[in-house]
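The analysis underlying the following values was restricted to heavy atoms, covering all of them including side chains, and did not include hydrogens, waters or symmetry mates. Here the structure is a predicted model, which means the values were calculated and not measured.
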Amino acid sequence: MDEPSADEPDPAAVAAADEPFRMADQRSGGPEPAAVEEPAEATPDDHGAVAFAGPAVPDRRDHWDRRVAGGLAFLRRRLAGDYEVDEFGFDPHLTDAVFHPLVRLLYRDWFRTEVGGLENVPADGPALVVGNHSGTVALDALILSAALHDQHPARRYLRLLGADLVFRMPVVSEIARKTGGTVACNPDAERLLGNGQLVGVFPEGFKGVGKLYSDRYKLQRFGRGGFVSAALRTGTPIVPVAIVGGEEIYPMLADIKPLARLLKLPYFPVTPTFPWLGPLGMVPLPSKWLIEFCPPIPTAHLTDSADDPLVVFNLADQVRETIQQTLHRLLERRPDPFGP
């Protein structure tokens with residue numbers, strides 16, 4: 001047998017040195033198994049190329065690279081004029097890239113909005129969506145439009161009908177047009193419905209937006225039922241929608257009417273934060289929102305009665321009562337206005 005060289009350890013000595021560790025392993029159930037590294041997984045990137053990656057590690061640079069690339073692509077399309085605007089001024093490209101992401105932060109993260117009854121909104125063809133109005137500042141129209149587009153399977157745009165005042169304000173009028181809004185008049189509503197669009201209207205108008213907090217979730221008068229006439233003339237189904245949450249974002253405690261007349265506004269609100277906190281008073285309170293689309297009311301069988309005041313009134317009253325009863329039911333589901 002060969003003798004071990006002076007540079008090599010004596011096997012007997014190594015075994016003797018390891019003996020205490022082997023005894024300890026036997027008492028504790030054995031040594032911990034060596035960690036097995038998971039094999040790299042092949043994943044396709046955004047362009048279809050396959051790259052092998054090790055353990056998932058968040059890469060903030062990739063996230064910001066994608067955002068910068070998306071922003072540059074948006075600017076390139078805008079500068080090249082590679083987008084479409086319809087006859088009403090609606091710009092889907094700008095709406096999807098700028099306006100809806102901003103509103104999405106409000107309805108999803110700030111208001112924690114839950115939407116139900118989307119199966120009652122048709123996947124194609126015209127429909128008139130009629131909702132309750134509230135909130136001192138009409139955020140409910142924007143929230144309804146963005147939430148419907150994001151969560152409806154057909155990703156439909158809601159073409160909102162607004163008051164004349166909205167389209168007389170320099171910046172607001174441009175935003176309203178670009179996001180699909182138009183003046184609340186029967187000719188425009190009938191043209192949109194005739195083109196198969198989803199049209200949104202709030203018949204309470206400023207009476208609903210500017211009511212006191214003590215009158216919250218009590219529907220105001222629906223005007224003369226012009227929205228019903230537009231639906232009847234086009235044979236369009238009416239989809240009532242109830243919105244809970246808007247009343248608490250700016251609770252109106254008082255209305256300074258002389259100041260409103262001086263500024264030519266429908267009302268001048270006093271809330272717990274405005275005007276006391278100045279611009280900070282415009283930050284909406286984080287109320288919990290619930291939106292429920294009700295079953296559609298057909299009108300195709302009543303097209304010959306578009307000019308019958310009794311039919312128009314009865315149908316408008318049916319829509320109003322449907323929304324009011326749905327509001328009561330949603331309020332029972334949401335006992336805490338600022339709960340989770």
Please check if the side chain of [X] supplies one atom and the backbone of [Y] the other of a donor-acceptor pair under 3.5 Å.
X: H133; Y: P203; value: no
X: E204; Y: Q220; value: yes
X: K288; Y: G245; value: no
X: K211; Y: G208; value: yes

Spacing of [atom1] belonging to [X] relative to [atom2] belonging to [Y], to within rounding of 0.5 Å:
X: L327; Y: L219; atom1: CG; atom2: CG; answer: 6.0 Å
X: L192; Y: T236; atom1: CG; atom2: OG1; answer: 10.5 Å
X: L160; Y: T179; atom1: CG; atom2: OG1; answer: 7.0 Å

Inset, instruction - Run through Y107, W110, F111 and flag the one making a ring-ring contact (aromatic ring centres under 6.0 Å, His included) with W289. - result: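 That would be F111; it is the only one of Y107, W110, F111 passing the ring-ring contact (aromatic ring centres under 6.0 Å, His included) with W289.
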
Inset, instruction - Determine whether more than 12 heavy atoms belonging to other residues, nucleotides or ligands lie under 6.0 Å from atom CG of D336. - result: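 Result for CG/D336: enclosed.
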
Inset, instruction - Mark yes when over 12 heavy atoms from residues, nucleotides or ligands other than F313 sit less than 6.0 Å from its CZ; otherwise mark no. - result: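 Count not over threshold, so no.
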
Strictly below 4.0 Å, N to O, side chains only: are [X] and [Y] in salt-bridge contact?
X: R191; Y: D188; result: yes
X: R221; Y: D317; result: no
X: D307; Y: R233; result: yes
X: E248; Y: R216; result: no

Legend entry - Aromatic ring pairing H93/Y83, orientation class (parallel under 30°, perpendicular over 60°, tilted between):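 Correct class here is parallel.
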
Inset, instruction - Let me see the working for D150 and H100 under side-chain hydrogen bond (donor to acceptor under 3.5 Å, both in side chains), right down to the final yes or no. - result: CA-CA 9 Å; D150 285 356; H100 277 177; 4.7 Å; no

Inset, instruction - For R155 and D96, run salt bridge (charged side-chain N to carboxylate O under 4.0 Å, His left out): C-alpha distance rounded to whole Å, both residues' side-chain angles, the deciding distance at 0.1 Å, then the answer. - result: CA-CA 11 Å; R155 313 254 321 158; D96 289 341; 5.8 Å; no

Inset, instruction - Show your reasoning for whether side-chain contact (heavy atoms from CB on, under 4.5 Å) applies to F227 and L128. - result: CA-CA 8 Å; F227 71 95; L128 185 65; 3.9 Å; yes

Inset, instruction - Report yes or no: is the cationic atom of R177 (NZ for Lys, CZ for Arg) under 6.0 Å from the centre of the six-membered ring of F88, at an angle within 45° of the ring normal? - result: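 No cation-pi geometry.
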
Legend entry - Evaluation steps, salt bridge (charged side-chain N to carboxylate O under 4.0 Å, His left out), between R333 and E114: CA-CA 12 Å; R333 278 180 49 194; E114 296 180 16; 3.4 Å; yes

Inset, instruction - Would you sort out whether D215 and K218 count as a side-chain contact (heavy atoms from CB on, under 4.5 Å), showing the intermediate values? - result: CA-CA 6 Å; D215 295 326; K218 297 177 182 176; 4.3 Å; yes

Inset, instruction - Using the rule that two of Ile, Leu, Val, Met, Phe, Trp, Tyr join whenever any of their side-chain heavy atoms come within less than 4.5 Å, decide whether Y157 and L198 are in one cluster. - result: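 Different clusters: Y157 never reaches L198 through Ile, Leu, Val, Met, Phe, Trp or Tyr contacts under 4.5 Å.
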
